[in-house]
Amino acid sequence: MSSRPRVHLPSRRGFLGYTGAGAAAILLGTGAWDTAAAAPGRFSGYPFSLGVASGDPQPDGMVLWTRLAPEPLAPDGRGGMPERVVPVRYEVATDERFRRVVRRGVAHATPRLGHSVHPEISGLEPGRDYWYRFFVGREVSPVGHTRTTPSPHESPEALKFAVASCQSYEAGYYTALKHLANEDLDMVVHLGDYIYEESYIENPVFHHNGEPLYDYLLTECFDLPRYRLQYSLYKMDEHLQAAHAQFPWVHTFDDHEIENNWWAGNSEPDDEPDQDPEVFRQRKADAFQAMYENLPLRQAQMPNGAEIRIHRKLQYGTLAEFTMLDTRQYRTSRSSRTDPDATMLGGRQRDWLVDGFSASDARWKLIGNQVPMVQVDRDPDEEVEKFFMDGWDAYVAERDNVLTEAYDREAENLVVLTGDRHSNYISDLKTNYDDPDSPSVGTEIVGTSLSSNKDGADMLPVGEDYLKTNPHLKFVNFQRGYCRITVTKDQLQNDFRVMEKISEPDFPIYTRATFAIEDGVVGAHRV
């Protein structure tokens, strides 16, 4: 497959030059531009300071995104925008110089949804590259590159994508995203913790003579303005913008988009009592709205108050199918690890997932999952078991049920893609981890963080314990980076791409280990 075209973002004002920081009424606008649209007037700064993005690609199109924010860190969270609707024009072309524009339209950026726009483009050709840009007044956005997926009945030669998660801005430089933007990929799958709800602002760029420039960013996110500011803070990073502008992204969320370890309607802070349910419900609604405003999500993912439908499927011809899960919103409490009624997914989502094992005709069945499904006993003492209780290890009955259904329904080439853990694992997925003779049904690839937990290490003592205690684990690593995955009809290959440090800028990236899964064979082997 030929290399993807590169996008070169224009240089814009540096961070210190800024003065501060739903679906809008979406017009798909596939015809002429709205020449009657009112001019927005002058802005106090460059309105496209947060970049551009595309997402959820389909054979005939994708969703495009930008958010107007001439003052992205204005304390009120409005980005320096007026309290009125602003028309935003967009173009989609088959070449990066826009000599052949195939779609034009106008989307309306509203104050209610942070002046974000999410035009959904359709009618494009399958399996090809496109370029896009936005206009507001006389201002022009950076150019983004995206790509449609193959037609549903086509068998493409290959699919190349990255798996990423956990990008704490304060933990280090986004060098991993700089490298990711230079990969040869069809898309990026982001598995959550796009933001972290608390800021510590340890990065020296946010200080002047030792004093923080923006004290109001040191508070925890609780309401819509503060969540908006957190997204602005993250999305101003040039490397994050470059990675978004280069590829379409497919998103789900984990916990830190709202609060650490939340589940269903419940807050679960580490050091204080649970929040009042109604207060937490409003917090969720604000967090979901800010997330929608700042990510390339379709109208189907527009939140309804404190609820959002993020689980969905995306097809890549007959080669692969992505099933994106939501392991937060429908969780129940549990009386024990083996509580038969406890659920991570909720009944409807679990049935939807299980039915998909039989219904899918895709050669490779890829599941986007937030928290590790594999059992990990963290204590090498044979008489003691110690598990992570924020993941599937706390919902053993449901995990065993889901994986047994996959086995019974002969779901071949099942690969679960997971984030959250700030570590790299590769492991067998078994129908019952308490029975060493139980069948393996697939493979889980757990990808490390982009930046969270700072530099990390190649191997920690705890990693040696993991490998000793869990024979189904084949690899453990604690560095920062992402997974680069290449899928063909014969094989899925995963490269664990890591860096020595993120505490210093511009460290090189390299492949720490490569594992392959052969078509029709359960289990990964090291290449």
Side-chain angles (χ1 to χ4, degrees), residues 1 3-7 51 53-57 62 129 144-147 149 156 158-167 173-194 234 237 239-254 295-296 314 316 319-320 322-324 364 366-370 415-426 443-452 477 479-488 491-499 502 507-517 524:
M1 184 165 57
S3 295
R4 298 283 170 255
R6 304 254 64 82
V7 168
S54 66
D56 275 26
M62 69 293 294
D129 298 292
H145 165 260
T146 189
R147 186 172 175 82
T149 59
L159 160 64
K160 298 181 180 181
F161 66 98
V163 174
S165 66
C166 304
Q167 53 189 46
Y173 290 92
Y174 276 178
T175 312
L177 286 162
K178 176 182 179 180
H179 293 302
L180 187 151
N182 286 310
E183 296 278 11
D184 177 13
L185 303 173
D186 295 296
M187 66 179 71
V188 174
V189 176
H190 197 288
L191 297 173
D193 291 347
Y194 189 94
Y234 281 50
D237 184 89
H239 301 317
L240 179 58
Q241 288 194 22
H244 269 299
Q246 186 61 53
F247 315 110
W249 286 39
V250 178
H251 287 273
T252 186
F253 57 80
D254 195 16
L295 297 181
L314 291 95
Y316 199 84
L319 182 63
F322 291 92
T323 300
M324 304 298 291
W364 294 91
L366 310 176
I367 297 179
N369 169 60
Q370 289 91 341
V415 181
V416 175
L417 311 169
T418 301
D420 176 73
R421 198 51 56 82
H422 309 165
S423 309
N424 287 313
Y425 307 163
I426 196 158
T443 300
E444 182 170 33
I445 299 170
V446 177
T448 189
S449 67
L450 290 164
S451 60
S452 303
N477 167 268
Q479 291 167 294
R480 303 293 149 250
Y482 52 87
C483 293
R484 182 180 63 192
I485 296 177
T486 302
V487 184
T488 67
Q491 184 187 80
L492 181 149
Q493 178 174 300
N494 173 62
D495 300 318
F496 288 111
R497 303 281 282 163
V498 303
M499 298 173 299
I502 58 167
F507 259 73
I509 197 160
Y510 66 99
T511 298
R512 174 61 181 81
T514 296
F515 284 82
I517 306 166

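Below, all heavy atoms of this structure are taken into account, side chains as well, without hydrogens, waters or symmetry copies.
S54 places no side-chain N or O within 3.5 Å of a backbone atom of T146 that could act as its donor or acceptor partner. In this structure a side-chain-to-backbone donor-acceptor pair under 3.5 Å is present from Q370 to F253. At distances below 3.5 Å, at least one donor-acceptor pair connects side-chain atoms of W249 with backbone N or O atoms of A243. A donor-acceptor pair is defined here as one N or O able to donate and one able to accept, closer than 3.5 Å; no such pair exists between the side chain of D495 and the backbone of R497. Side-chain atoms of W364 do not come within 3.5 Å of backbone N or O of Q491 as any donor-acceptor pair. Put simply, the side chain of Q167 gets close to the backbone of Y194: a donor and an acceptor are under 3.5 Å apart. Under the 3.5 Å distance criterion, the side-chain polar atoms of H179 are matched with a main-chain donor or acceptor of F507. The backbone N or O of H422 sits less than 3.5 Å from a side-chain atom of R480, completing a donor-acceptor pair. Listed for the D193 side chain is no donor-acceptor partner under 3.5 Å among the backbone atoms of D254.
In this structure the side chain of P57 reaches within 4.5 angstrom of the side chain of V250, judged on heavy atoms. Between F496 and I426 there is a side-chain heavy-atom pair separated by less than 4.5 Å. Side-chain contact check for L185 versus R484: some heavy-atom pair is nearer than 4.5 Å. The closest side-chain heavy-atom distance from L191 to M324 is below 4.5 Å.
Summarising the geometry of G419 relative to S165, their closest heavy-atom pair is CA-OG, 3.5 Å, with the distance given to 0.1 Å.
Ion pairing between K160 and D186 fails under the 4.0 Å rule for side-chain N and carboxylate O.
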List the steps, then state whether side-chain contact (heavy atoms from CB on, under 4.5 Å) holds for E444 with N369.
CA-CA 10 Å; E444 182 170 33; N369 169 60; 3.7 Å; yes
Intermediate values then yes/no, side-chain contact (heavy atoms from CB on, under 4.5 Å), L492 and V415:
CA-CA 9 Å; L492 181 149; V415 181; 4.1 Å; yes
Run the side-chain contact (heavy atoms from CB on, under 4.5 Å) check on I485 and L417 step by step: do they pass?
CA-CA 10 Å; I485 296 177; L417 311 169; 3.7 Å; yes
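Here CG of L366 is found 7.5 Å from CG of L159. Values are rounded to the nearest 0.5 Å. With rounding to the nearest 0.5 angstrom, the CG atom of L180 is 6.0 Å from the CZ atom of F247.
F322 and F161 have their aromatic ring centers within a separation under 6.0 angstrom.
Y510 and Q479 are linked by a side-chain donor-acceptor pair at a separation below 3.5 angstrom, with hydrogens and angles left out of the test. Side-chain atoms of T448 and N424 include no donor-acceptor pair closer than 3.5 Å.
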